Amino acid sequence: MRYPARSLSPASLWLAACLLATAASAQSGGGEGLSPTLASIKNTHVVRLGYRESSPPFSFLDQANRPIGYSLELCEAVVDEIGVEVDDADLKIEYVKVTSDDRIPAVTQNKIDLECGSTTANAERANQVAFSPLMFVAGTKLMVPKASSVSAVTDLKGKTVVVTKGTTNEQAMHNADKKFSLGLNILTSPDHEQSYQMLVDGKADAFATDDILLYGLIARHKSQDKFRVTADYLSYDPYGIMFRKGEPQLAAVVERTFRKLGSNHDLIPLYEKWFVRRLPTGERLNVAISPQLEEAFKSMDDSPGANN
C-alpha cells in the first residue's frame, strides 16, 4: 500500500518554519564555557536519549527490544556533534523510555538530554522547551474499522474516540467536539499501542493521532484489511527533536547537526530509509516525502551553490 504525500498550505509551512527557527535561534546567542547540558555530558561521558516504544517509524522497538527509528538516528547524529563540541569522541548513549504524557517533563526536569520521538513543535510547548529544525510534517487523522461508516469527524456524533494522553491530537479532538457539537466520549490511553489496542478491542469507534503514526501502526500490525485512515486533517503538526531551553550552545550544536546533514545531502536519504524502504522490523510504509519537507531539508544545505 502506498500512502500519498501530504499537501499543506504555504502559510502553515511558513508558520512552522518560523516557530522551529525561532525556538532554535532564540537560544543561539553567545556565552562562554559549556552550557549546563553539555557540561554534564562532558563530565559523565553519557548522552540520555528519550525514546518512544510505539511510534514507528520515528521511535520504536525492534524484535530484540532495542530502540530504533528515524528520530533516534537524527539524535545519534546530534550526539556525534556533541562529541565534537565537548571534545569527547567516545560518548555513550543511555536510552530512556518516555511517553507522550511525560516527555516534556523529562526534558525540563533533566531526566533526558534529547527527546527523540514524534513530538509536535507548537507555540505552547516552545514556552517550555526548545526544538530542532523541522524534521517531519504530520496532521491529526482518524483510524477506523474498514466496515465503519465514519469518513469524517462529523460522522462521529455521540461516538467514542481514543487519543493518546498528552498529545496535540487530544486537543484537536476536543476542539472538533466543541466546533461541531458532536457529544464525543473522548478516552485517553498512555501510549499509541494501547490506543490502537482499544480500537482493536472495540472499546472505541475511532483512534485519533498523527496520520503517519496511524499508517505506521497499521503496517506494523499488518492490519490493512481491518482498518483505514480517514482523509481529512484535523490539525497541522510539525515535528522536532526536543531539548532544554536557555542553552545557546546546545541549540547551536543541534542546528549545526541538521545543517551538516543537509549540506552532505543525507536528510532525504535518511527519510527514505525509514519512510519508503522496508523497516528493520519488516514492514514498509511507502510514504513519499512531502514537497514542504523536501523544501525544508534543502534549506538546511549550506554547501556551495545550494539554494541558488
Side-chain angles (χ1 to χ4, degrees), residues 1 3-16 18-19 54-55 58 99-101 103-104 117-127 136-218 221 223-224 226-239 287 290 292-293:
M1 182 182 296
Y3 300 105
R6 281 166 293 285
S7 177
L8 292 160
S9 73
S12 294
L13 183 67
W14 181 84
L15 281 171
C18 286
L19 174 63
S54 57
S55 293
F58 299 94
T99 68
S100 58
D101 200 33
R103 56 189 164 176
I104 293 176
S118 50
T119 298
T120 299
N122 59 29
E124 180 183 359
R125 288 172 173 172
N127 289 326
F136 193 77
V137 182
T140 304
K141 287 191 177 184
L142 303 171
M143 183 195 297
V144 296
K146 276 225 164 173
S148 171
S149 61
V150 173
S151 60
V153 69
T154 48
D155 298 326
L156 284 172
K157 195 157 191 174
K159 296 184 182 294
T160 298
V161 179
V162 62
V163 294
T164 304
K165 189 177 181 183
T167 60
T168 54
N169 318 110
E170 183 177 1
Q171 187 58 51
M173 290 312 302
H174 282 289
N175 291 344
D177 187 25
K178 183 177 180 180
K179 180 178 179 180
F180 299 110
S181 301
L182 298 176
L184 295 177
N185 178 26
I186 300 175
L187 305 178
T188 62
S189 73
D191 212 339
H192 299 312
E193 189 65 35
Q194 290 94 320
S195 296
Y196 173 83
Q197 195 58 47
M198 289 183 70
L199 185 65
V200 170
D201 294 341
K203 296 177 181 177
D205 300 294
F207 169 26
T209 197
D210 293 344
D211 56 335
I212 186 62
L213 300 178
L214 295 175
Y215 295 141
L217 287 164
I218 287 173
H221 290 278
S223 56
Q224 291 89 343
K226 297 177 182 176
F227 299 106
R228 58 182 171 84
V229 178
T230 56
D232 295 338
Y233 283 101
L234 304 176
S235 71
Y236 168 73
D237 300 282
Y239 286 3
V287 177
S290 68
Q292 294 90 344
L293 185 59

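Keep in mind that this is a model prediction, so the values were computed, not measured.
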Margin query: For Thr140 versus Ala208, what's the shortest heavy-atom pair and its separation?
Written below: CG2-CB, 4.3 Å
Next item on the list: Consider only side-chain N and O atoms of Thr164 and Ser195, and report whether a donor and an acceptor are under 3.5 Å apart.
Entry: yes
Item checked: Exercise: identify the closest heavy-atom pair between Ser148 and Arg228 -> O-NH2, 2.6 Å
Notebook entry, point to check: Can you name the nearest heavy-atom pair linking Leu199 to Pro145, along with the distance?
Noted result: CD1-CD, 4.2 Å
Next item on the list: Compare all side-chain heavy atoms of Asp232 with those of Val153 and state whether any distance is below 4.5 angstrom.
Entry: no
Check: Honestly, is Lys146 close enough over Phe227, meaning NZ or CZ under 6.0 Å from the six-membered ring centre and within 45° of the axis?
Finding: no
Check: Backbone N or O of Gly166 within a donor-acceptor pair of the Glu170 side chain at under 3.5 Å?
Finding: yes
Item checked: Any Tyr239 side-chain heavy atom under 4.5 Å of Thr119 side chain -> no
Item checked: Flag for Tyr196-Ser54: side-chain donor and acceptor within less than 3.5 Å -> no
Check: Is any side-chain heavy atom of Phe180 closer than 4.5 Å to a side-chain heavy atom of Lys157?
Finding: no
Next item on the list: Check whether any side-chain N or O of Asp191 sits under 3.5 Å from a backbone N or O of Thr99 as a donor-acceptor pair, and report yes or no.
Entry: no
Margin query: Side chains of Lys203 and Thr160, heavy atoms from C-beta outward: is any pair under 4.5 Å?
Written below: no
Notebook entry, point to check: Are Leu142 and Leu156 close enough that some pair of their side-chain heavy atoms sits under 4.5 Å apart?
Noted result: yes
Note to self: Give me the atom names and distance for the closest heavy-atom approach of Gly183 to Asp177.
What the structure shows: N-OD1, 2.9 Å
Checklist line | Heavy-atom pair with the smallest gap, counting every atom of Thr230 and Val150 | finding: CG2-O, 4.1 Å
Check: Are side-chain N/O atoms of Asp237 and Ser235 paired as donor and acceptor at under 3.5 Å?
Finding: yes
Notebook entry, point to check: Have Thr209 and Asn169 got a donor and an acceptor in their side chains that come within less than 3.5 Å?
Noted result: yes
Notebook entry, point to check: Would a 4.5 Å heavy-atom cut-off, applied to side chains only, mark Gln171 and His174 as touching?
Noted result: yes
Check: Are Met143 and Val162 side-chain neighbours, meaning at least one heavy-atom pair lies under 4.5 Å?
Finding: no
Item checked: Minimum heavy-atom distance Thr120-Arg125, with the two atoms named -> O-NH1, 2.9 Å
Next item on the list: Anything under 30° is parallel, anything over 60° is perpendicular, the rest tilted; go ahead and classify Phe58 against Phe136.
Entry: perpendicular
